[in-house]
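The shown structure was predicted, so the numbers you read here are calculated from the model rather than taken from an experiment. Quick note: residue numbers are just sequence positions, from 1.
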Amino acid sequence: MIIGVPKEIKNNEYRVGLTPKSVYEITSKGHDVFIQDSAGYEIGYTNQNYVENGAKIINSAEEVYKSCELIVKVKEPLSKEFKFISKDNILFTYLHLAGNKEESIKLAKTGVTGIAYETVTSDDGSLPLLSPMSSIAGQLSIIVGSYNLLKHNKGKGTLLGNVSALEPRVVTVIGAGVAGTEAIKKAHSNGAYVKIIELSESRLSELKLVFGDNNVEYIKSSEKNILEALKVSDIVVGAVYLVGKEAPRVVLKEMINEMKPGTVMVDISIDQGGCFETSKTTTHDNPTYLINGVVHYCVANMPGSVPLTATESLNKATLPFVIDIANKGLNKSLEDDINLFNGLNIKNNEIVHESVKESFNL
């Protein structure tokens with residue numbers, strides 16, 4: 001099979017679909033890999049690195065899509081790339097269709113077969129291709145939250161860490177999946193008082209066994225409980241995720257009015273539309289905006305700020321699937337592996353994943 005890797009074009013997106021090491025693993029099994037010129041340059045992967053591991057360098061994204069059957073990316077294609085995509089392509093990437101209905105339907109109309117990393121499953125029901133980036137985003141949420149708490153960034157001017165005998169600052173994490181749990185770990189290790197808000201009482205019990213009662217509060221999710229936490233928080237992390245669906249709005253617009261100016265809200269769920277009613281997608285160039293003095297950070301490709309770490313972590317998870325598809329062909333791979341089949345989102349000009357269809361009322 002011929003596998004292609006186009007250069008990512010989303011704002012400040014320097015991750016790349018395959019590392020040189022991954023290319024070697026694929027080409028050593030008899031497959032061809034075409035890499036767009038300079039696709040990995042910004043994270044230290046030169047064209048020569050790829051060539052030495054068996055790849056061929058292609059000048060443009062158009063040539064990659066035209067020449068290759070399996071396209072391995074990181075982020076969903078932008079609308080300007082749709083003209084290159086056809087029914088002859090298998091697209092293996094994060095698609096996050098539920099976050100943008102109009103663009104998702106347009107992508108489906110190209111005829112491409114789309115497999116979304118974020119809906120591929122494991123036997124235990126977890127999401128092995130989403131988890132690496134969720135883990136990174138969770139850790140980053142506390143880093144960017146802390147940075148934006150600085151006064152010159154319109155924050156409160158507070159520090160999470162232990163300072164003299166001062167009371168610890170408060171971090172609220174809504175949703176305790178992979179991303180939320182990493183945010184909790186990071187905030188707790190930084191000396192914050194952490195309020196964990198989660199719908200599942202069993203999940204709260206599990207977390208209590210991990211973190212104990214020292215500066216951690218375990219709260220069953222409800223509008224009332226969320227509002228009370230927001231009023232006293234310095235950083236609020238939204239980490240709510242429903243497989244293939246638009247994120248539920250757990251923080252309502254009117255709640256923002258009762259928060260203290262300078263509070264920082266980080267919406268990890270923004271790829272799926274965001275879990276704050278006041279969220280709108282931002283970029284690494286312009287990551288924040290204010291509503292009633294509350295700082296909103298809603299960057300849709302958060303792990304893109306650590307592209308080398310993110311690329312290496314993602315490749316460890318995706319490579320076995322890439323090799324399986326290349327060795328067997330897509331249809332046989334989907335037939336043999338229900339977990340990969342669960343990643344199928346687009347086929348024959350239609351959105352076929354049930355959760356995405358439900359989100360779009362299709």
Side-chain angles (χ1 to χ4, degrees), residues 137-138 140-161 163 166-177 179-181 183-184 186-188 190-201 203-204 207 215-242 246-270 272-282 286-300 302:
L140 284 173
S141 69
I142 304 305
I143 295 172
V144 299
S146 298
Y147 178 71
N148 284 290
L149 272 178
L150 301 179
K151 192 62 180 175
H152 65 267
N153 291 327
K154 311 299 183 186
K156 287 182 178 179
T158 58
L159 184 68
L160 288 191
V163 181
L166 298 179
E167 288 291 316
R169 309 310 303 188
V170 178
V171 174
T172 292
V173 179
I174 307 174
T181 301
I184 293 162
K186 193 79 169 177
H188 192 246
N190 282 2
Y193 183 94
V194 185
K195 291 177 177 284
I196 305 172
I197 299 181
E198 168 62 41
L199 202 55
S200 168
E201 292 184 5
R203 181 58 181 153
L204 288 173
L207 291 169
N215 284 341
V216 183
E217 190 174 347
Y218 305 89
I219 304 168
K220 178 71 182 293
S221 184
S222 70
E223 281 191 24
K224 179 177 180 290
N225 288 342
I226 289 172
L227 177 58
E228 291 306 309
L230 296 179
K231 290 178 182 179
V232 298
S233 295
D234 295 272
I235 297 174
V236 179
V237 176
V240 181
Y241 181 75
L242 298 176
E246 189 174 23
R249 304 295 192 270
V250 296
V251 174
L252 305 179
K253 188 174 183 179
E254 54 266 27
M255 294 179 179
I256 305 298
N257 299 330
E258 300 195 46
M259 296 174 67
K260 294 176 183 176
T263 301
V264 179
M265 302 181 69
V266 181
D267 195 343
I268 297 177
S269 305
I270 193 65
Q272 297 289 118
C275 64
F276 307 148
E277 196 172 25
T278 48
S279 290
K280 59 184 180 182
T281 302
T282 60
N286 295 289
T288 63
Y289 58 92
L290 295 176
I291 293 182
N292 289 344
V294 175
V295 181
H296 288 59
Y297 180 99
C298 304
V299 174
M302 284 179 65

Distance (rounded to the nearest 0.5 Å) between [X] [atom1] and [Y] [atom2]:
| X | Y | atom1 | atom2 | value |
| --- | --- | --- | --- | --- |
| Leu230 | Ile174 | CG | CD1 | 5.5 Å |
| Leu199 | Lys220 | CG | NZ | 5.5 Å |
| Leu160 | His188 | CG | NE2 | 12.5 Å |

Between [X] (side chain) and [Y] (backbone), is there a donor-acceptor pair under 3.5 Å?
| X | Y | value |
| --- | --- | --- |
| Asp267 | Cys275 | yes |
| Ser269 | Gln272 | no |
| Thr172 | Val236 | no |
| Asn190 | Gly161 | no |
| Asn225 | Ile197 | no |
| Tyr289 | Lys280 | yes |

Minimum heavy-atom distance between [X] and [Y], given as atom pair plus value:
| X | Y | result |
| --- | --- | --- |
| Arg169 | Leu159 | CG-O, 3.1 Å |
| Tyr297 | Thr288 | CD1-CG2, 3.9 Å |
| Gly138 | Ile268 | CA-CD1, 3.9 Å |
| Val173 | Ala183 | CG2-CB, 4.2 Å |
| Lys260 | Lys231 | CE-O, 3.6 Å |

Should [X] and [Y] count as side-chain neighbours, where that means a heavy-atom distance under 4.5 Å?
| X | Y | answer |
| --- | --- | --- |
| Ile291 | Met265 | no |
| Val264 | Asn153 | no |
| Val299 | Ile270 | no |
| Asn292 | Met259 | no |
| Thr278 | Val251 | no |
| Leu207 | Glu198 | no |
| Leu290 | Val295 | yes |
| Asn148 | Lys154 | no |

For Arg203 and Thr181, run side chain to side chain donor-acceptor pair (under 3.5 Å): C-alpha distance rounded to whole Å, both residues' side-chain angles, the deciding distance at 0.1 Å, then the answer. CA-CA 10 Å; Arg203 181 58 181 153; Thr181 301; 2.8 Å; yes

State whether the number of non-hydrogen atoms from other residues, nucleotides or ligands found under 6.0 Å of [X] atom [atom1] is greater than 12.
| X | atom1 | answer |
| --- | --- | --- |
| Glu167 | CD | no |
| Glu223 | CD | no |
| Glu201 | CD | no |

Side chain to side chain contact (heavy atoms under 4.5 Å, CB included), that's the test. Do Val171 and Lys195 meet it? Break it down for me. CA-CA 6 Å; Val171 174; Lys195 291 177 177 284; over 6 Å; no

Take Val266 and Leu140 through the side chain to side chain contact (heavy atoms under 4.5 Å, CB included) test and state the conclusion after the steps. CA-CA 10 Å; Val266 181; Leu140 284 173; over 6 Å; no

